[in-house]
Engineer: 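Next up is a structure, given as structure tokens.
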2 protein chains.
Amino acid sequence: MSENEKLTEERIFEAAEIVFEEEGLAGARMQTIADRAGINKALLHYYFRTKDHLFEAVFTKLAKKMFMKFTPIFEKDLSLEEKIRFFFREHITFMQQNPKLPGFILNEINHNPQRIQKLIKNIDFKYLWLTILEHHENELYKYNLTEETLPQILTSIASMSVFPFAAKGILEVVFENLGVDFDKYIELRKEFAADFVIKAITR
Amino acid sequence: MSENEKLTEERIFEAAEIVFEEEGLAGARMQTIADRAGINKALLHYYFRTKDHLFEAVFTKLAKKMFMKFTPIFEKDLSLEEKIRFFFREHITFMQQNPKLPGFILNEINHNPQRIQKLIKNIDFKYLWLTILEHHENELYKYNLTEETLPQILTSIASMSVFPFAAKGILEVVFENLGVDFDKYIELRKEFAADFVIKAITR
DNA sequence: AATACATTTGACCGTTTGGTTAAACCTTAT
DNA sequence: ATAAGGTTTAACCAAACGGTCAAATGTATT
């Protein structure tokens, strides 16, 4: 019963993750999710009252899954360069396993920015910056890292890893034309992106 | 009459551009487009038979508008460094005027990759590479530019300019927390991105 | 075995959606 | 003036959609 319940709710949730990720909130159909979970459509509403409830649950979990991959880097005891290399390796590997996640999250946030607000509103970015200051005080000059350059540098790092997946649909077509394999390109990117960024920010 | 026809069709098309760009194919409603164009819904189907027809027309125009901004750089008579600076200035300025375009196009292509195929299938990327070889033969070594690094470098350039707009919804919330203004960040990015890339690829 | 309660289903409901139709309207050519 | 043909509209349609309901089924408690 409680065993079975977990199973059913889990099956629904997993089906919803796949369908929402593929079709988006507007494109997803409750019937499709029910079919994929192998259950009646009414049972969907028994566990998650409305489509919005179900989507909210799925989105929150997936968004956290995504952003959680960003923060732990700040806490590691590594040099800045090692942190950058570590980030690209870990983050790109994670996206290899969830290639549709970046596009899904970016799109849904653009369609409804309030959704992300409550997820990251309680993160204190100023504190994060102070942590960097503290841990890497002697490296700041070497990398020309100031409070002013920080937004540019951080978004550059994020873009280098996220963009290839957010633009996967285009890149695969372009690469085919060039005889380049997308998966190999991604594998190479783990190191290329790290080299690229470190070279760019080192004085 | 023919004057009026142009006007009506144009009004519909412009309304459709806005609605599709904001809501996406799945989220857009024909009624919303009709309202925005100030006409009857039936008139929509008189000019563009189906929703898919209308979307196809809008998407093709917008996608071309976007990709057209990429190609002319190859033909300019500038040094590689000047080309990179020129690209970021022009491309980011274009996106400032169409901030929702990148997210829209990326998302729709991910949801239906065939759509982009016929748009860029006839572009010969190998030829583009040969053009670069020819125009910048003596600069290739300086920038460590080879047929193998080209995909990594080109996607890095694209990501540096496109990502901030594709992730606008997230960045605006994060920046608010940091006391950073998105528009000022974008203005600064035109030069930062160029410096960043040139520094990264110069030996 | 009987009660109570949670789970699952098929049938159903009201609304929204993309799309159609027949008639009204407008413009132009004769 | 009127016939002809393109343009615009209100009313309508069938299908798809999110959501509900009462009944059926399963499960644990006494």
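Naming: A, B, ... by sequence-line order, numbering from 1 per chain. Hydrogens, waters and symmetry mates play no part in the numbers below; they use all other heavy atoms, side chains included.
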Engineer: For B:F55 together with B:F20, are the ring centres under 6.0 Å from each other?
Structural biologist: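 B:F20 vs B:F55: aromatic centres under 6.0 Å.
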Engineer: Go through D:dT8, C:dT8, C:dT9 for me and flag the one nearest to the B:T8 side chain.
Structural biologist: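 Selected nucleotide: D:dT8.
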Engineer: The side chain of B:Y46 is closest to which nucleotide in this list: C:dG18, D:dG19, D:dG6?
Structural biologist: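 Looking only at heavy atoms from C-beta outward on B:Y46, the closest nucleotide is D:dG6.
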Engineer: Name every donor-acceptor pair, under 3.5 Å, that has one atom in a side chain of residues 164-184 of chain B and the other anywhere in the protein, sequence neighbours excluded.
Structural biologist:
from, atom 1, to, atom 2, distance (Å)
B:N177, ND2, A:I123, O, 2.8
B:D181, OD2, B:D183, N, 3.4
B:D181, OD2, B:K184, N, 3.2

Engineer: Side chains of A:D35 and A:Q31: do they bring a donor and an acceptor to under 3.5 Å?
Structural biologist: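 Looking only at side-chain atoms, A:Q31 and A:D35 do form a donor-acceptor pair, the distance falling under 3.5 Å.
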Engineer: In plain terms, say whether A:R11 and A:E14 are close enough for a salt bridge, that is, a side-chain N and a carboxylate O under 4.0 Å apart.
Structural biologist: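 No salt bridge links A:R11 with A:E14.
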Engineer: Write down the distance between CG (A:L43) and P (C:dT8), rounded to a whole number of angstrom.
Structural biologist: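 Whole-Å distance recorded here is 5 Å.
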Engineer: Taking NZ from B:K41 and P from C:dT16, how many angstroms apart are they, rounded to a whole number?
Structural biologist: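 It is 12 Å, rounded to the nearest whole Å.
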Engineer: Not counting sequence neighbours, which residues clear side-chain hydrogen bond (donor to acceptor under 3.5 Å, both in side chains) with A:S159? List them please.
Structural biologist: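 Expected list: none.
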Engineer: When you measure from every atom of DNA chain C, which of residues 48-61 of chain A have a heavy atom less than 4.0 Å away?
Structural biologist: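 Within residues 48-61 of chain A, no residue comes under 4.0 Å of DNA chain C.
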Engineer: How close or far is atom P of D:dC17 from atom NE2 of A:H45, stated in whole angstroms?
Structural biologist: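 After rounding, the reported distance stands at 13 Å.
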Engineer: Looking at C:dT8, I'd like to know if its phosphate oxygens (OP1 or OP2) sit under 4.0 Å from a side-chain N or O belonging to A:N40.
Structural biologist: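 Indeed not, no polar side-chain atom of A:N40 lies that close.
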Engineer: Tell me which nucleotide among D:dC21, C:dT8, D:dG18 gets nearest to the side chain of A:A42.
Structural biologist: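 Nearest to the side-chain atoms of A:A42, counting from C-beta on, is D:dC21.
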Engineer: Can you list the residues that meet the salt bridge (Lys or Arg N to Asp or Glu O under 4.0 Å) rule with A:E139, with sequence neighbours excluded?
Structural biologist: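 Partners of A:E139 under the salt bridge (Lys or Arg N to Asp or Glu O under 4.0 Å) test: none.
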Engineer: Test of understanding: with side-chain hydrogen bond (donor to acceptor under 3.5 Å, both in side chains), list the residues that count as partners of B:E22, not counting sequence neighbours.
Structural biologist: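 Scan of B:E22 (side-chain hydrogen bond (donor to acceptor under 3.5 Å, both in side chains), adjacent residues dropped) gives none.
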Engineer: Under 4.0 Å between a side-chain nitrogen and a carboxylate oxygen: does that hold for B:K61 and B:E17?
Structural biologist: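 Looking at B:K61 and B:E17, the cut-off is met.
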Engineer: Do the charged groups of A:K126 and A:E147 touch, with an N to O distance under 4.0 Å?
Structural biologist: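 Yes, A:K126 and A:E147 are salt-bridged.
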Engineer: Starting at atom OH of B:Y47, determine the distance to atom P of C:dG18, rounded to an integer number of angstrom.
Structural biologist: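 For the pair B:Y47 OH and C:dG18 P, the rounded distance is 20 Å.
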Engineer: Looking at residues 22-35 of chain B, who's got a heavy atom less than 4.0 Å off DNA chain C?
Structural biologist: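 B:A28, B:R29, B:M30, in order of number.
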